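Report on the structure given below.
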Amino acid sequence: MTTDSQVRVRFAPSPTGYLHIGGARTALFNWLFAKHHNGTFILRIDDTDEQRSTEASMKEIYGSLKWLGLNWDEGAIVGGENGPYVQSERGKIYQKYTQQMVENGSAYHCYCTPAELAEIRETAQAENRSPHYSRRCLNLTSTDRQRLTDEGRRPVVRFKVPDKTVVVNDRILGQITTEAETLQDEVIVKSNGSPLYNLTSVIDDHEMTITHVIRGVDHLSNTPKQILIAEALGLQVPQFAHLPMVLGSSKGEKLSKRHGATSIEQYRQDGYLPQAMVNFLVRLGWSLDDETEIFSVDELIEHFSLERVGKSGSVFDLKKLQWLNSHYISKLEISTRTDAVIPFLQREGLLDSVDPDAKRSWLEQVVATVGDRLTTLADIKVEAAYFFTDNFEYDPKGVKKWLTKGNPIGTLQSLYDGLVNIVNFDLKTVEDKIWAVIEELGIKRVAGMQPLRIALSGMTGGPSLFEMITLIGQEKVLERLQRLIEYLREREDL
RNA sequence: GCCCCGUUCGUCUAGCCUGGUCCAGGACACCAGCCUUUCACGCUGGCGACACGGGUUCAAAUCCCGUACGGGGUACCA
């Protein structure tokens with residue numbers, strides 16, 4: 001870790017929706033960059049679009065960032081010296097800069113109506129010219145302006161694009177050159193007085209002394225505009241780094257709900273661990289070397305660098321996230337894993353939400369027995385439901401395979417008879433007894449074990465049978481054997 | 001349309017800047033086998049890529065040009 005405490009980066013979402021995969025990765029890269037350089041990570045809320053911004057989105061974004069462990073040093077909620085950190089509360093600041101731009105001639109009022117603008121665009125296109133604003137209002141006299149105001153028109157403020165070549169030295173993409181003639185005099189303040197993104201972003205990045213702007217490539221084309229605005233205001237320009245897109249399919253489609261869940265909150269609810277999510281997200285565009293896949297947060301902080309971020313978009317691959325998640329779940333200490341799984345059991349109504357501690361040690365044994373069979377925490381439901389409830393179905397395939405040939409009822413009855421008389425219902429005794437019964441029956445081990453497994457869990461797969469038996473307990477084991485025997489008898493009758 | 005960006009196994013990527021060590025390495029997925037009371041884990045092996053075409057060079061995944069394809073932008077959205 002270097003000690004360049006000058007590094008100041010920001011994540012500036014617009015609260016128009018939940019925190020999605022792409023946004024989370026942008027936040028993560030900013031956070032890692034800040035931590036690596038011992039710098040400051042700032043959370044700013046870019047809510048200048050008052051139409052689409054919602055309080056609920058803001059809250060969810062905070063929650064998702066915290067869940068991922070991406071705590072911010074400065075910004076919304078936590079405050080700091082450069083606040084407020086919510087753009088809708090910074091109107092006065094933007095007004096000051098806008099006035100400065102109008103006064104120094106780098107911006108001007110435009111009274112054209114949307115209809116007029118559309119017309120200008122159309123004629124331009126018809127004449128095969130670029131559909132840029134015609135600068136019709138650039139040299140309005142004060143009498144012109146008075147007349148238009150009297151007509152009831154409210155002006156927007158447009159940035160007067162200077163005639164020059166803009167060069168961005170992007171930390172990821174390299175040098176990108178843009179000719180100003182390809183840009184138009186865009187609106188920086190709406191007619192209702194509210195400022196627009198490209199203005200506020202430049203101002204706030206300056207006011208908050210942001211040193212590096214790390215954001216998605218979808219902002220690349222905004223960069224030259226923002227540099228020009230910064231220059232018009234005489235502000236220092238931060239360094240830029242544009243992250244490639246996160247895609248939803250190999251066809252290059254943008255990640256959308258069609259490709260699975262896109263919100264971080266959804267993955268949290270689906271039982272993914274934040275450390276798995278972080279590890280997964282960081283590998284979407286970044287790598288350390290040709291072999292390392294698993295990274296702890298500390299390792300990421302130590303090794304992260306913009307130099308090793310790739311240029312091309314990456315496809316979100318759920319299978320890889322699942323692999324990472326099961327890896328991190330199995331790495332959890334049993335006690336921690338138990339804590340993690342409890343809410344999911346409660347959500348399914350399998351565990352009393354009043355006092356899960358009463359069963360703590362048994363619960364931990366169940367979790368230990370289930371072992372590494374969890375891909376997500378939510379899988380605890382399918383993998384362990386039978387420990388908590390008698391109300392489970394028999395897997396039809398299992399029934400067909402193991403309970404239709406030979407003499408399943410006889411086998412189950414023999415196992416019942418063997419288990420019913422055990423006094424010390426412990427692992428060793430149970431195991432010895434079951435082997436003895438199977439040997440006496442003269443059948444293969446599986447032929448005895450699988451029917452028993454189905455009786456106890458309804459499934460053909462799962463943890464060690466003997467551990468299951470002792471955890472379920474003698475009474476219930478016998479009940480369940482009885483239940484399967486009855487079930488099979490009824491089927492025979494049909 | 002115009003401007004900008006990108007392109008290595010199905011997917012994430014290493015290699016590209018500083019051309020030869022790459023008939024391209026790892027991981028996920030998939031397939032097979034082993035292990036095993038089942039499932040899973042684990043282990044072993046297999047499948048599988050330099051978008052295309054020119055050029056430069058003794059030599060190109062690596063440098064240059066073009067084409068194709070994909071993406072972003074072209075808003076009183078961010």
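On a predicted model such as this, the values are computed, not experimentally measured, just so you know. Here is the naming used below: chain letters follow the sequence lines, and residue numbers restart at 1 for every chain.
Below 30°, between 30° and 60°, or above 60°: for A:H327 and A:W323 the angle between ring planes is between 30° and 60°, a tilted geometry. Ring geometry, A:Y267 versus A:F316: the interplanar angle falls from 30° to 60°, so the pair is classed tilted.
Residue A:P13 is out of contact with every strand shown, counting any heavy-atom pair closer than 4.0 Å. Residue contacts shown for A:L465 include a base, since a base heavy atom lies under 4.0 Å away. Using a 4.0 Å heavy-atom distance criterion, A:R308 is classed as a sugar-phosphate-only contact. If you check every strand for non-hydrogen atoms under 4.0 Å, A:I438 touches nothing. Within 4.0 Å (heavy atoms only), A:T48 reaches sugar-phosphate atoms of the nucleic acid but no base atom.
When the side-chain nitrogen and oxygen atoms of A:T460 are compared with OP1 and OP2 of B:U38, none of them lie within a distance under 4.0 Å. Close to B:U13, at under 4.0 Å from its OP1 or OP2, lies a side-chain N or O of A:S314. One finds a side-chain N or O of A:K190 lying less than 4.0 angstrom from the OP1 or OP2 phosphate oxygen of B:C77.
Rounded to whole angstrom, the span from the CH2 atom of A:W402 across to the C1' atom of B:C39 amounts to 12 Å. Distance, A:M449 CE to B:C39 P: 12 Å, rounded to whole Å. One atom, CD of A:E291, and another, C1' of B:G15, lie 14 Å apart when rounded to the nearest Å. Summarising the geometry, the separation between CG on A:D289 and P on B:A27 is reported as 12 Å, rounded to the nearest angstrom. Remark: C1' of B:C5 and CG of A:L247 are 13 Å apart, rounded to the nearest angstrom. B:C5 atom P lies 15 Å from atom CD1 of A:I172, rounded to whole Å. Computed from coordinates, the A:W286 CH2 to B:U11 P distance equals 22 Å when rounded to whole Å. The interatomic distance linking A:E179 (CD) with B:C4 (C1') rounds to 12 Å, in whole Å.
When the C1' atom is compared between B:C65 and B:C23, the two are found 27 Å apart, to the nearest whole Å. Remark: the separation of the C1' atoms in B:U8 and B:G33 is 30 Å, to the nearest Å. Across the C1' atoms, B:U62 and B:U21 are found 14 Å apart, a figure rounded to whole Å.
Summarising the base pairing, B:C39 is matched to no nucleotide, lacking a Watson-Crick or G-U wobble pair whose two defining distances lie under 3.5 Å. Pairing partner, B:A61: none, since no Watson-Crick or wobble contact has both distances short of 3.5 Å. Pair assignment for B:C69: B:G6, on the basis of Watson-Crick or G-U wobble contacts that are both within less than 3.5 Å.
By the 6.0 Å and 45° rule, A:R145 does not stack over the aromatic ring of A:Y111.
Between the side chain of A:T178 and the base of B:C4, no donor-acceptor pair of N or O atoms lies under 3.5 Å. A:D47 contributes no side-chain N or O that forms a donor-acceptor pair with the base of B:A78 under 3.5 Å.
Residues A:L140 and A:H109 fail the side-chain proximity criterion, which asks for heavy atoms closer than 4.5 Å.
Applying the salt bridge (Lys or Arg N to Asp or Glu O under 4.0 Å) rule to A:R373 yields no partners; only residues at least two apart in sequence or on another chain are considered.
Comparing A:E293 and A:A12, the nucleotide of RNA chain B nearest to each residue sits closer to the 5' end for A:E293. Taking the nucleotide of RNA chain B with the nearest heavy atom to each of A:S14 and A:R283, the more 5' of the two is matched to A:R283.
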